[in-house]
> 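Can you keep this structure in mind? I'll have questions shortly.
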Amino acid sequence: MKIATYNVNGIKARYETVATWLREDAPDVAVLQEIKSIDEAFPRELVEDTGYDLHTHGQKGFNGVALLSKTPLEDVTRGLPDDDEDEQARYIEGTVIGETGAVRICGLYLPNGNPAPGPKYDYKLAWMARLEARAKALLAEETPFLMTGDFNVIPDDRDATRPEAWANDALALPQTRAAFRRIVNLGLTEAFRARTQGAGHYSFWDYQAGAWNRNDGIRIDHFLLSPAVADRMRDCTIQTEMRGREKPSDHVPVWLDLDL
DNA sequence: ATGTCGAAGTTTCTTCGA
């Protein structure tokens, strides 16, 4: 089973790019972030031809996440627990049923947090604490799960072309990295790093300043796997070539292949 | 220090967020 995460940076602006990608690369499950659309305005024709099961959690203008699946998802829920006062659409869960088991898919768009320090950074850290609590709860009930999406976290200096340029940024501050490590250290596996070591692997290149042409990137789109899911991992790869296509998102898809 | 993009309102430009 192939699961892909992809920050599309606007589903309406990215329609052709995403439709072609779904048709040609055909993930079993696609976890999308930054759809920047209310649910009613999500282009249904994207999935009508392909038959994908679509679940959105959108809002006007910003943020917004979605799950697409070749087979129907079960028990889809929107928002993190204790999210009642959170107006930002950043989290969605659904269960995919494979031939030999089920996996809870947690799709997330973690707050950027800049400028730091400040209220936006406080919101980011609070959101990460709530994500950690959710991971703890899923581990406690022994639900096989994965968390994936745009974490807006550069885990380590090797995950940036120019780490010094990000040293004071909300994506790389020590508190951000510590919060990310706290979640991983609950017993999760960071899928990409379980397969690939070393620098030079990125999932985002800014539109500005020719970042793509200079390969000035960062790795901020991740998969965290619970133990049972980690045991089933075949591979985790970054689809770098997508950044060079016509009308690209500033992020590229990251893929997880599971024996499921 | 920065050469961009997408969405929405203030709507054929400006502002915001990233």
Side-chain angles (χ1 to χ4, degrees), chain A residues 5-21 30-46 56-66 86-92 107-128 131 148-155 159-173 175-177 179-180 202-222 238 240-254:
Chain A
T5 181
Y6 188 12
N7 180 323
V8 298
N9 190 19
I11 191 59
K12 292 182 279 272
R14 209 69 55 221
Y15 182 82
E16 288 301 332
T17 306
V18 176
T20 300
W21 177 71
V31 185
L32 306 186
Q33 303 89 39
E34 278 205 273
I35 62 173
K36 295 187 174 181
S37 169
I38 57 173
D39 295 334
E40 296 73 20
F42 192 100
R44 304 291 305 194
E45 56 269 35
L46 184 70
T56 59
H57 181 36
Q59 69 179 91
K60 194 179 228 183
F62 305 106
N63 308 322
V65 290
D86 195 340
E87 314 245 311
Q88 302 191 24
R90 296 180 174 275
Y91 190 83
I92 189 169
L108 64 98
Y109 175 46
L110 210 147
N112 176 295
N114 281 303
K120 290 188 175 179
Y121 192 56
D122 295 341
Y123 174 70
K124 177 178 195 156
L125 294 176
W127 206 96
M128 293 181 83
L131 185 66
T148 188
D150 177 359
F151 280 72
N152 270 314
V153 174
I154 302 167
D159 297 311
T161 307
R162 295 182 303 129
E164 69 283 0
W166 297 92
N168 296 312
D169 191 281
L171 277 62
L173 281 171
Q175 269 187 288
T176 305
R177 289 178 167 174
F180 183 75
Y202 312 121
S203 65
F204 169 93
W205 296 259
D206 203 300
Y207 287 124
Q208 296 190 68
W212 167 245
N213 289 329
R214 295 185 298 129
N215 192 25
D216 181 8
I218 53 177
R219 195 177 67 89
I220 56 176
D221 300 87
H222 309 300
I238 301 176
T240 309
E241 55 91 6
M242 286 285 290
R243 189 63 178 78
R245 292 195 191 182
E246 286 293 308
K247 219 165 183 300
S249 169
D250 41 6
H251 295 250
V252 297
V254 182

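A note on names: the letters A, B, ... follow the listed sequences, proteins ahead of strands, and every chain is numbered from 1.
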> Please tell me which of A:Gly61 and A:Gln208 maps to the more 5' nucleotide of DNA chain B, matching each residue to the nucleotide holding its nearest heavy atom.
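The residue mapped nearer the 5' terminus is A:Gln208.
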
> To the nearest angstrom, how far is A:Glu34 atom CD from B:dA18 atom C1'?
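Answer to the nearest Å: 7 Å.
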
> Please figure out whether A:Gly210 or A:Lys36 has its closest DNA chain B nucleotide nearer the 5' end.
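The residue closer to the strand's 5' end, by nearest nucleotide, is A:Gly210.
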
> Check the distance between B:dA7's P and A:Gln88's CD and give it to me in whole angstrom.
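These atoms are roughly 17 Å apart.
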
> With a sphere of 6.0 Å drawn around CD of A:Glu87, does it hold more than 12 non-hydrogen atoms of other residues, nucleotides or ligands?
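Counting neighbours around CD of A:Glu87, 12 or fewer heavy atoms of other residues, nucleotides or ligands fall under 6.0 Å, so no.
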
> Using the C1' atom in both, what is the distance from B:dT12 to B:dG17, to the nearest Å?
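Their C1' atoms lie roughly 22 Å apart.
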
> For A:Lys60 and B:dG9, is the shortest distance between a side-chain N/O and OP1 or OP2 below 4.0 Å?
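For B:dG9, OP1/OP2 do have a side-chain N/O of A:Lys60 under 4.0 Å.
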
> Tell me if a side-chain donor or acceptor on A:Lys124 pairs with a main-chain N or O of A:Asn152 at a distance below 3.5 Å.
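Flag set: sc A:Lys124 to bb A:Asn152 pair under 3.5 Å.
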
> What integer distance in Å separates A:Ile11:CD1 from B:dC5:C1'?
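Atom-to-atom, A:Ile11 to B:dC5, this comes out as 16 Å.
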
> What contact category does A:Ala13 fall into here, base, sugar-phosphate, or nothing, at under 4.0 angstrom with non-hydrogen atoms?
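Here A:Ala13 touches the backbone only, sparing every base.
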
> Please report, rounded to the nearest Å, how far the P atom of B:dA18 is from the CG atom of A:Leu110.
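Taking CG of A:Leu110 and P of B:dA18, I get 12 Å after rounding.
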
> Closest approach to the side chain of A:Tyr109, judged atom by atom: which nucleotide of B:dA18, B:dT2, B:dC5 is it?
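Nearest listed nucleotide: B:dA18.
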
> Over 60° means perpendicular and under 30° means parallel, so classify the ring planes of A:Phe151 and A:Phe180, tilted if in between.
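The arrangement is perpendicular - the two ring planes meet at more than 60°.
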
> Using the C1' atom in both, what is the distance from B:dT10 to B:dC16, to the nearest Å?
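One C1' to the other, the span is 12 Å.
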
> Please give, in whole Å, the distance from B:dG17 P to A:Asp169 CG?
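Nearest whole value for this atom pair: 16 Å.
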
> Can you tell which of B:dA18, B:dG6, B:dT2 lies closest to the side chain of A:Phe62?
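Closest of the options to the side chain of A:Phe62: B:dG6.
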
> Give the rounded distance in Å between these two atoms: NZ of A:Lys12 and C1' of B:dG6.
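In whole Å, B:dG6 C1' and A:Lys12 NZ are 10 Å from each other.
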
> Is the count of non-hydrogen atoms from other residues, nucleotides or ligands lying under 6.0 Å from A:Asn168 atom CG greater than 12?
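Result for CG/A:Asn168: open.
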
> For A:Tyr121 and A:Gln175, work out which heavy atoms get closest and say how close.
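Scanning both residues completely, I find the closest heavy atoms to be OH-CB, 3.4 Å.
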
> For A:Lys247 and B:dG6, is the shortest distance between a side-chain N/O and OP1 or OP2 below 4.0 Å?
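For A:Lys247, the contact criterion (side-chain N or O under 4.0 Å from OP1 or OP2 of B:dG6) is met.
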
> Roughly how many Å is it from CG in A:Asn63 to C1' in B:dG17, rounded to a whole number?
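Result: 9 Å.
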
> Say we look at B:dT11 and B:dT15: how far apart would their P atoms be, to the nearest angstrom?
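Rounded to whole Å, the distance is 12 Å.
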
> Of the listed nucleotides (B:dG6, B:dG17, B:dG3), which one gets closest to any side-chain atom of A:Ala209?
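Nearest to the side-chain atoms of A:Ala209, counting from C-beta on, is B:dG3.
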
> Rounded to whole angstrom, note down the P distance from B:dA18 over to B:dA1.
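23 Å, rounded to whole Å.
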
> What is the distance, rounded to the nearest whole Å, between atom OH of A:Tyr121 and atom P of B:dG17?
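So the two atoms are 19 Å apart, to the nearest Å.
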
